[in-house]
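Taking it in order: structure first as structure tokens, then the write-up.
We count residues from 1, following the sequence as given.
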Amino acid sequence: MLTVLQALESQLHAAMERAFPEAAAEAAAAGRRLDPQLGPATKPEFGDVQANGALPLAKPLQQKPRAIADAIVAQLQQDPAFTALCLEPEIAGPGFINLTIRPERLTAEIAARLGDPRLGVPSVADPSGAAAASAQEPPAPVIVDFSSPNIAKEMHVGHLRSTIIGDSLARVLELRGHPVLRLNHVGDWGTQFGMLITHLKQVAPEALTTADAVDLGDLVAFYRQAKARFDEDEAFQTTSREEVVKLQSGDPVSLRAWGLLCDQSRREFQAIYDRLDIRLSERGESFYNPFLPAVVADLESAGLLVTDDGAGCVFLEGVSGKDGKPLPVIVQKRDGGFNYATTDLAAIRYRFGQSPAGDGARRVIYVTDAGQAAHFAGVFQVARRAGWIPDGARLEHVPFGLVQGEDGKKLKTRAGDTVRLRDLLDEAVERAEADLRRRLEEEGRNEDEAFIQHVATTVGLAAVKYADLSTNRITNYQFSFDRMLALTGNTAPYLLYAVVRIAGIARKGGELDAAASAASSADGLQFSEPQEWTLVRELLKFDAVIAEVEEELLPNRLCSYLFELSQVFNRFYDQVPVLKAPPELRASRLALCRLTADTLRLGLGLLGIPTLERM
Ligand code: ARG
């Protein structure tokens with residue numbers, strides 16, 4: 001429907017210009033254009049689209065908005081492209097123009113979707129697509145920096161959120177045809193390794209020379225001990241600092257030890273990624289080590305670098321501390337060392353830089369908790385002032401809130417420890433399995449063990465992902481197994497069940513594929529019931545929803561849409577006969593079922609959730 005809406009927008013705009021040439025000229029002189037203000041109709045009886053553009057013209061034109069709307073409509077009716085697209089417009093209230101798309105156009109749109117694996121979503125990589133019309137060059141990469149846990153520390157629920165949200169955004173961008181670099185900016189560099197290596201040399205030297213000598217659990221414990229010593233013991237601090245210098249200057253023994261520690265953590269992270277079907281390219285902080293001096297040099301020559309109390313700083317514009325003085329981003333510490341911000345600056349410089357020493361990206365997206373918002377705002381500002389961000393390129397922080405327990409406090413185990421991701425996923429699957437066994441028992445169904453395991457795993461993991469993605473990411477979100485596994489409400493099981501229901505129609509003799517291909521010419525489709533039209537209109541919103549997620553980076557919009565679609569479908573299927581429909585209507589209704597299933601499958605796939613045929 002996106003193309004239909006775009007056509008409508010330009011038809012309305014042209015009609016406004018024809019109706020009010022002086023106002024159009026005036027707007028153009030001011031660098032504006034007359035805006036038809038299109039939006040979805042607020043009620044089904046108002047049609048499909050509402051244009052509110054007459055209202056703001058009332059004052060400058062000194063006319064009643066209804067009269068303005070009349071004049072626009074009169075012009076619209078002269079446009080054959082418009083009359084082929086819409087029924088006669090209606091003017092409502094003070095001067096809203098209500099537009100109803102011709103049913104045959106909606107039917108034609110449905111027919112086009114039936115054979116289209118992209119379900120109408122245009123690709124920027126497609127040279128025939130309007131979006132790529134401007135350039136023959138391949139689209140520039142989009143970078144999604146997500147997950148990004150820290151070596152020698154456990155991956156926590158915050159990283160899980162980043163992983164799930166980042167993966168979903170990457171999938172949406174990939175569907176839109178962007179080459180996406182999914183980067184795992186793991187914390188694999190810096191002072192923590194000095195402490196850890198120094199400590200391990202004394203207490204578990206084998207960990208530094210032999211693979212698999214310790215597991216991540218041990219490593220995390222060693223890390224805690226090392227941190228405690230570092231905070232207390234000055235001699236230990238000095239040795240740790242020396243150790244970092246050794247590592248950063250490429251000492252082979254230190255590098256080998258560091259490599260082993262990273263491998264150990266990496267294996268554990270990978271186990272989580274495999275379980276959740278997440279693809280990521282690791283490019284940790286260490287990757288940018290060779291570029292750190294150039295960052296400082298660039299800032300220096302841009303005249304941004306200020307030495308403050310021995311540290312290299314860039315003072316931020318418009319951001320001040322409690323004392324009213326501008327806050328700095330520290331890029332080089334007093335001891336000459338670099339930090340998290342320096343690395344992020346190097347990363348920005350590299351990501352927008354041109355190959356071979358750069359990714360040539362046009363859009364870079366960071367998915368982390370909202371607690372890092374100030375860090376990114378600062379770093380982005382410095383990068384902009386340093387001139388590293390090309391014109392028109394986008395640099396975006398995608399923040400999310402905290403994961404809380406049902407008590408509204410930070411998520412903890414009963415014993416008060418932080419929750420390990422592995423345990424959390426295990427519990428989701430176990431609970432899904434218990435629910436499933438209970439349901440099978442109630443329904444008197446007998447299923448084999450392989451089926452039970454497959455369904456429980458799919459539902460359990462889907463529930464965790466969906467619960468996270470379906471809330472507006474900015475707000476904190478309360479983790480509740482009971483809520484996320486419920487079969488009703490805006491949950492993964494509810495959506496998965498809608499897909500299963502449609503698969504069931506096929507099993508009961510509804511040949512969905514045959515119906516879809518028979519009906520895929522617009523002549524083959526016939527809709528009459530209001531529930532059918534509601535479903536048609538809902539199905540056709542998919543491409544616009546994808547465009548919105550691509551723009552605003554809010555996966556919960558896609559979730560709300562899929563939930564609404566499932567509800568509209570269920571109402572249709574409960575109220576309108578499908579398998580028992582009269583022969584001339586059956587294929588059209590089966591085709592709607594098929595398209596609903598395809599839309600749910602593609603949509604859930606974009607959330608990283610595979611669907612089931614039975615559950
Ligand atoms: N490792 C960081 C953390 O655990 C997240 C890194 C996010 N990405 C970045 N480019 N700073 O909080």
Side-chain angles (χ1 to χ4, degrees), residues 117 160 164 167-168 171 270-279 421-470 479-516 559 562-563 565-567 569-570 573-574 578-579 590 593-615:
L160 181 68
I164 293 172
D167 176 59
S168 172
R171 287 177 193 257
Q270 195 55 45
I272 302 273
Y273 297 145
D274 287 345
R275 244 177 126 172
L276 295 173
D277 187 24
I278 307 288
R279 273 184 306 107
L421 291 191
R422 210 190 317 158
D423 299 341
L424 184 141
L425 299 179
D426 285 345
E427 182 165 353
V429 172
E430 276 158 29
R431 286 181 183 240
E433 181 181 333
D435 285 356
L436 174 61
R437 288 190 191 277
R438 211 174 306 127
R439 198 158 43 81
L440 292 178
E441 172 107 30
E442 276 166 23
E443 294 172 8
R445 278 165 64 189
N446 208 349
E447 300 284 358
D448 62 28
E449 212 40 42
F451 172 87
I452 293 177
Q453 292 313 319
H454 177 62
V455 172
T457 308
T458 308
V459 171
L461 299 179
V464 171
K465 286 189 178 183
Y466 192 83
D468 195 329
L469 293 167
S470 58
F479 194 94
S480 158
F481 283 118
D482 286 335
R483 215 177 313 136
M484 69 177 72
L485 285 164
L487 267 173
T488 51
N490 188 7
T491 65
Y494 178 80
L495 295 185
L496 289 172
Y497 192 70
V499 179
V500 164
R501 200 173 182 195
I502 301 173
I505 300 172
R507 279 195 298 276
K508 279 183 240 147
E511 289 124 356
L512 299 189
D513 295 348
C559 297
L562 295 174
F563 179 48
L565 176 63
S566 306
Q567 288 178 305
F569 172 78
N570 282 330
Y573 193 64
D574 291 339
V578 173
L579 287 168
L590 285 173
C593 295
R594 160 70 195 269
L595 191 55
T596 304
D598 287 349
T599 308
L600 289 173
R601 277 199 199 98
L602 183 60
L604 285 166
L606 293 174
L607 302 173
I609 297 176
T611 56
L612 294 162
E613 292 295 291
R614 297 193 310 123
M615 68 189 270

*Might you work through the side-chain contact (heavy atoms from CB on, under 4.5 Å) test for T458 and M615, ending with a clear yes or no?*
CA-CA 10 Å; T458 308; M615 68 189 270; over 6 Å; no

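- Heavy-atom neighbours of E449 CD from other residues, nucleotides or ligands within 6.0 Å: above the threshold of 12.
- Using a 4.5 Å heavy-atom threshold, the side chains of E447 and V455 count as separate.
- Taking CG from D167 and CG from L276, the interatomic distance works out to 8.5 Å, rounded to the nearest 0.5 Å.
- Rounding to the nearest 0.5 Å places CD1 of I278 at 8.5 Å from CG of L160.
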Assess the residue pair R431 and E427 against the criterion (salt bridge (charged side-chain N to carboxylate O under 4.0 Å, His left out)); give the C-alpha distance rounded to whole Å, side-chain angles, the decisive distance to 0.1 Å, and a yes or no.
CA-CA 6 Å; R431 286 181 183 240; E427 182 165 353; 2.9 Å; yes

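- At least one side-chain heavy atom of E433 sits less than 4.5 Å from a side-chain heavy atom of I452.
- For the side chain to side chain contact (heavy atoms under 4.5 Å, CB included) test, residues two or more places apart in sequence or in another chain that qualify with Y573 are R501, I505, K508, F569, V578, L579.
- Looking at V464 and L424, their side chains come closer than 4.5 Å, going by heavy atoms from C-beta outward.
- Side chains of R275 and T457 form no contact here, defined as non-hydrogen atoms less than 4.5 Å apart.
- Minimum interatomic distance between L487 and P493 (heavy atoms only, all atoms of both residues): CD2-CB, 3.9 Å.
- Around OH of Y273, the count of heavy atoms belonging to other residues, nucleotides or ligands within 6.0 Å exceeds 12.
- To the nearest 0.5 Å, the span separating CG on L496 from CD on E613 amounts to 11.5 Å.
- L485 and D435 make their closest contact through CB-OD2, 3.9 Å (heavy atoms, listed as atom of the first residue, atom of the second, distance).
- No side-chain heavy atom of L604 sits under 4.5 Å from any side-chain heavy atom of K465.
- L461 CG to D426 CG: the interatomic distance, rounded to the nearest 0.5 Å, is 9.5 Å.
- Using a 4.5 Å heavy-atom cutoff, the side chains of T599 and L565 are in contact.
- Closest of all the heavy-atom pairs between C593 and I502 is O-CG2, 3.5 Å.
- Distance check: L495 CG to S566 OG gives 4.5 Å after rounding to the nearest 0.5 Å.
- Within the 4.5 Å cutoff, no side-chain heavy atoms of Y466 are placed close to those of Y494.
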**OP:** Begin from the C-alpha positions of L612 and V499 and carry the test side-chain contact (heavy atoms from CB on, under 4.5 Å) through to its verdict.
**Re:** CA-CA 7 Å; L612 294 162; V499 179; over 6 Å; no

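- Residue D482 holds its CG atom at 12.0 Å from OG1 of T491, rounded to the nearest 0.5 Å.
- The neighbour count for N446 CG, taken as heavy atoms of other residues, nucleotides or ligands under 6.0 Å away, does not exceed 12.
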